[in-house]
Amino acid sequence: MLSSATTRVAETRTEARGCALMLQGVGHSFGATVALESIDLAVARGELIALLGPSGCGKTTLLQIIAGFLQPSRGAVSFDGVRIDRTPANRRRIGMVFQNYALFPHLTVAENVAYGLRARKSPGAMVKQRVAEMLARVQMTSFGDRFPRQLSGGQQQRVALARALAIDPVLVLLDEPFSALDKNLRLDMQIEIKSLLKSCGVTSIMVTHDQEEALSMADRIVVLNKGRIEQIDTPDALYDAPASLFVNGFIGHANFLKGRTSAQPGTIALDAGCALALSGTEPPPAHRDVMVSIRPENLALVSDAQPRSIAVTIRVVMPLGAFSVIDCVTASGEAIKVSQSRAAWSGRPGDAAWLVIQDISKVHVFEATTASPSIARA
Amino acid sequence: MSTPRPPGELAPALPLALVFLAAFVLPLVALVAISLFRTPAFAELSPAQYLRFLGDPFSLRVLADTVMLGLEVALCALVLAYPLALVYVASGPLIRTGLIFLILLPLLTSTVVRTFAWIVILGRDGIVNSAMLSLGLWDSPARLLYSWGGLVLALTQIQLPLMALPLINSLLRLDGNLARAAEGLGAGRVRAFVTVILPLTLPGAIAGLLLVFAAAATAFITQTLIGGGRIILMPSYIYQQSMGVQDWPFAAALSLIFTAAVIGIVAAIGALSRRLTRGLDAA
Ligand SMILES: Nc1ncnc2c1ncn2[C@@H]1O[C@H](COP(=O)(O)OP(=O)(O)OP(=O)(O)O)[C@@H](O)[C@H]1O
Ligand SMILES: [Mg+2]
């Protein structure tokens, strides 16, 4: 099995070789705690999916179920249409990268990478060749004889990835792969790992609670909250068209302003003292309390009142390199942030200023009273 | 490592140091001195007692038996304690509490009580014999007590906590993801145990082996009661030479040889473990 797989690596490097993953109604409970309610998810071959959600939402639990370390209480898991939820973990051919890497501390780097091949009883010469190939791919060739604790965090991560990819997996699972790395290294490793996974063409699922990481790495993002899927979409769609208040707040930064819909369809009176005319096709019903979300970069700060602008007082001006973020407060006492080019007028703390919405179609409105995700897009 | 310390810092250790000196170092020095006399009447200094030991097949045999007993008990305890420790770490909190109570129970009872329990079990009219006889499986009572096997069995049970506790400790400290990683890479349960869990918990196993070996080899009470007069081992041999025959120089030499043998074996096991666990402490 492995020999044919290895030759295939040489022949077609970029063809999608992973399997298609399907989860149907997968749920899990630890005693009385419901960790996952009912997850339906279809992942295409070669896709890179991010599971994103706050702490305790069930990300690790879902990953463990896919890997086979945990038997789901409900539902079905299938690879390429074949149910595998009764298949033990050691028969699933999944490459797992653990949050703490879980490198075997008593084995050298080369022995770690060889572990999965030896467990599959590959002939010695092939193991050697494959280990060399994998170490070269993660640029760790000269570290083969070291022990894991003699490596830096980024190097350990590379070895963990090499070990996972060495068995030519149909699926790669990464649990919070970058959380142990410092911020500078993180971006480098994100780029490196994304290109490596893509060049292998393997289906991959990574878990993260860092939305930037999910946005930058994944083809599609699955947003989880309290054991349920809030939304599955591409990074752009999640950012531009969040399906719920939760997703809107979790992906990127957003200002939330209280308001109420007027009798006239598609108009909203903000508590901050401004009337918005929405451009959307499905305006929310009249006379409802709503929450209006405006991204900081969708606002511009101006020094004079303009029609449909929001009057604010500047609190803090933070120059952040290419951009500045200006923290303001509205007449109704709500905080609101603006992110704009540093060249634009930014005033001084204490100044009165007005906020102009740049693109009304990117303003989202959610019904405030209902806790459930909803509703209308402006 | 030897940074100079202000003398006041070591003052709290002084009482212990004095006790140690009076109760351990001085007797040891006395023992060495006594062992160097040629006759029981303490006449004439010479290494005669040591030469006598080395030239006496019976004495050498007793030493070898004692070391073998310690090793056999240590290995039996290791084989029994590993599954026990694995079950412990795999269990939930309730079963863990129950198990740890059962494991600690022998430590909370006196050795004499535990040994007598084994006499009740293994004796001629003991539980095992009467059960087997009444079931018709055995025709006549087997001699379990005063036998080598009975002694190994009893000592294994009595010393089991010394093996189980360090093993449980090192299994608990083992990152559960390591076993999962092995399994995910295609290793079956047995392979994952042999290639990952066993080597990584070796320090715990070695600690247990050392403790059980030393405790079993020197377990005077259990050896005497379960072994009866039939099995002569170093502790009872020393007792017999000193209190019985009153040959204090020979008894002193026996004590020192026995101590050296135990320390030697402990050091050998320790050195072996350092070689086996090379990667664990490679800086
Ligand atoms: N072994 C367990 N026993 C009982 N409850 C558990 C167990 N493992 C997880 N849980 C619970 O299940 C829920 C989901 O846990 P999970 O570890 O999947 O969260 P997560 O999304 O990975 O969080 P984090 O980002 O903090 O790692 C949590 O409420 C957690 O308390
Ligand atoms: Mg987690």
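No hydrogens, no waters, no symmetry mates; every other heavy atom, side chains included, goes into these values. Only a predicted model underlies this, so the values are computations on that prediction, with no experimental measurement involved.
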[X] and [Y]: which non-hydrogen atoms are nearest, and at how many Å?
{"X": "B:L178", "Y": "A:F104", "value": "O-CE2, 3.4 Å"}
{"X": "B:A181", "Y": "A:A102", "value": "CB-O, 4.0 Å"}
{"X": "B:A187", "Y": "A:A119", "value": "N-CB, 3.8 Å"}

Is atom [atom1] of [X] surrounded by more than 12 heavy atoms (other residues, nucleotides or ligands) closer than 6.0 Å?
{"X": "A:D182", "atom1": "CG", "value": "yes"}
{"X": "B:L94", "atom1": "CG", "value": "no"}
{"X": "B:F24", "atom1": "CZ", "value": "no"}

TODO: Indicate yes or no: at least one non-hydrogen side-chain atom of B:T195 is less than 4.5 angstrom from one of A:Y115.
DONE: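 The answer is yes; the side chains approach within 4.5 Å.
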TODO: Answer yes or no: is there a side-chain heavy-atom contact under 4.5 Å between A:P105 and B:D175?
DONE: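 Not in contact.
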What distance separates [X] [atom1] from [Y] [atom2], expressed to the nearest 0.5 Å?
{"X": "B:E183", "Y": "A:R91", "atom1": "CD", "atom2": "CZ", "value": "10.5 Å"}
{"X": "A:N90", "Y": "B:R189", "atom1": "CG", "atom2": "CZ", "value": "8.0 Å"}
{"X": "B:R180", "Y": "A:L70", "atom1": "CZ", "atom2": "CG", "value": "8.5 Å"}
{"X": "B:L202", "Y": "A:H106", "atom1": "CG", "atom2": "NE2", "value": "10.0 Å"}

TODO: Select one option (side chain, backbone, both, neither) describing which atoms of A:L103 are under 4.5 Å from chain B's heavy atoms.
DONE: backbone
Open item on the list: Between A:Q64 and chain B, with a heavy-atom cut-off of 4.5 Å, which part of the residue counts as in contact: side chain, backbone, both or neither?
Closed with: side chain
Open item on the list: Quick one: does any side-chain atom of A:R93 pair with a main-chain N or O of B:G184 as donor and acceptor, under 3.5 Å?
Closed with: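 No, because the side chain of A:R93 does not come within donor-acceptor range (under 3.5 Å) of the backbone of B:G184.
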- [ ] Quick one: list whatever passes side chain to side chain contact (heavy atoms under 4.5 Å, CB included) with A:A76, sequence neighbours left out.
- [x] A:Q24, A:R83, A:D85
Task: Proximity breakdown for B:N177 and chain A, heavy-atom pairs closer than 4.5 Å - done: both
